[in-house]
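When reading the values below, keep in mind they use all heavy atoms of this one structure, side chains included, and skip hydrogens, waters and symmetry mates.
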Amino acid sequence: MTAEDIMLIIEIHNPQAAFLKFDLHPLCPVFGIVAVGPDYKLLKMLNVWRVVKQSDIITWYQTHDLKLTELINGELIMNISVIS
């Protein structure tokens, strides 16, 4: 997906509050939230996204440690779904 398509989906919802499913090609889907860190704008321009996986979300909210995030190339993202 392009950065514009991803931003449209993510920024409609609060990026750090919306629980998302990222369908990646050819990898397994990733469930989590988009982490907005100090490099968010730069990564967004490069179509790279910091994602906090489902298992690390509670710790992320407590610490905001960027080591808990995973970088995902937007070109690998086939679909993004908002999980309620």
Side-chain angles (χ1 to χ4, degrees):
M1 292 180 81
T2 66
E4 292 80 20
D5 293 338
I6 296 170
M7 285 187 309
L8 182 67
I9 295 168
I10 290 173
E11 293 182 354
I12 287 174
H13 309 282
N14 181 354
Q16 291 186 312
F19 188 68
L20 305 169
K21 174 185 175 189
F22 297 88
D23 291 314
L24 305 176
H25 177 76
L27 307 170
C28 295
V30 173
F31 295 87
I33 60 171
V34 174
V36 178
D39 56 356
Y40 178 74
K41 289 183 181 180
L42 173 64
L43 292 176
K44 182 169 63 170
M45 288 183 347
L46 298 172
N47 197 16
V48 175
W49 305 90
R50 276 193 193 278
V51 176
V52 180
K53 288 186 175 181
Q54 180 180 10
S55 59
D56 296 323
I57 289 177
I58 293 173
T59 308
W60 164 256
Y61 281 127
Q62 295 169 347
T63 64
H64 291 284
D65 184 3
L66 294 179
K67 292 178 186 172
L68 297 172
T69 64
E70 179 177 318
L71 293 175
I72 297 178
N73 184 337
E75 294 178 8
L76 296 178
I77 298 173
M78 301 304 295
N79 187 37
I80 300 175
S81 307
V82 178
I83 309 295
S84 357

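For the residue pair Asp56/Thr59, the side-chain donor-acceptor check at 3.5 Å is not satisfied.
Atom NE2 in His64 sits 12.5 Å away from atom OG1 in Thr69 (nearest 0.5 Å). Rounded to the nearest 0.5 angstrom, Lys53 NZ and Glu70 CD are separated by 4.0 Å.
Between Phe19 and Phe31, the ring-plane angle classifies as parallel under the 30° and 60° cut-offs.
Side-chain contacts under 4.5 Å among hydrophobic residues (ILVMFWY), followed directly or transitively, place Leu42 together with Leu43, Met45, Leu46, Val48, Leu71.
In plain terms, the two heavy atoms of Ala35 and Trp60 that are nearest each other are CB-CZ2, 3.6 Å. Between Gly74 and Ile6, the shortest heavy-atom distance links the atoms CA-CD1, 3.7 Å. When all heavy atoms of Lys21 and Pro29 are compared, the closest pair comes out as CE-CB, 3.8 Å.
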**OP:** Evaluate the criterion side-chain contact (heavy atoms from CB on, under 4.5 Å) for residue pair Val30 and Leu24; output intermediate values, then yes/no.
**Re:** CA-CA 8 Å; Val30 173; Leu24 305 176; 3.6 Å; yes
Subject >> Steps toward side-chain contact (heavy atoms from CB on, under 4.5 Å) verdict (Val52, Tyr61) >> reply: CA-CA 10 Å; Val52 180; Tyr61 281 127; over 6 Å; no
Subject >> side-chain contact (heavy atoms from CB on, under 4.5 Å) evaluation trace for Asp23 with Ile77 >> reply: CA-CA 6 Å; Asp23 291 314; Ile77 298 173; over 6 Å; no
Original post:
Given Phe22 and Leu27, is the side-chain contact (heavy atoms from CB on, under 4.5 Å) satisfied, shown in steps?
Top reply: CA-CA 10 Å; Phe22 297 88; Leu27 307 170; over 6 Å; no
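In the hydrophobic cluster analysis, where Ile, Leu, Val, Met, Phe, Trp and Tyr join through side-chain heavy atoms closer than 4.5 angstrom, Met78 is grouped apart from Ile72. Linking Ile, Leu, Val, Met, Phe, Trp and Tyr whenever their side-chain heavy atoms come within less than 4.5 Å leaves Leu20 and Leu8 in two separate clusters.
Contact check for Ser81 versus Ile9: no side-chain heavy atoms found under the 4.5 Å cut-off. Counting heavy atoms from C-beta outward, Asn47 and Glu75 have side chains that approach closer than 4.5 Å.
Put simply, the side chain of Asn79 never gets that close to the backbone of Met1: no donor and acceptor are under 3.5 Å apart.
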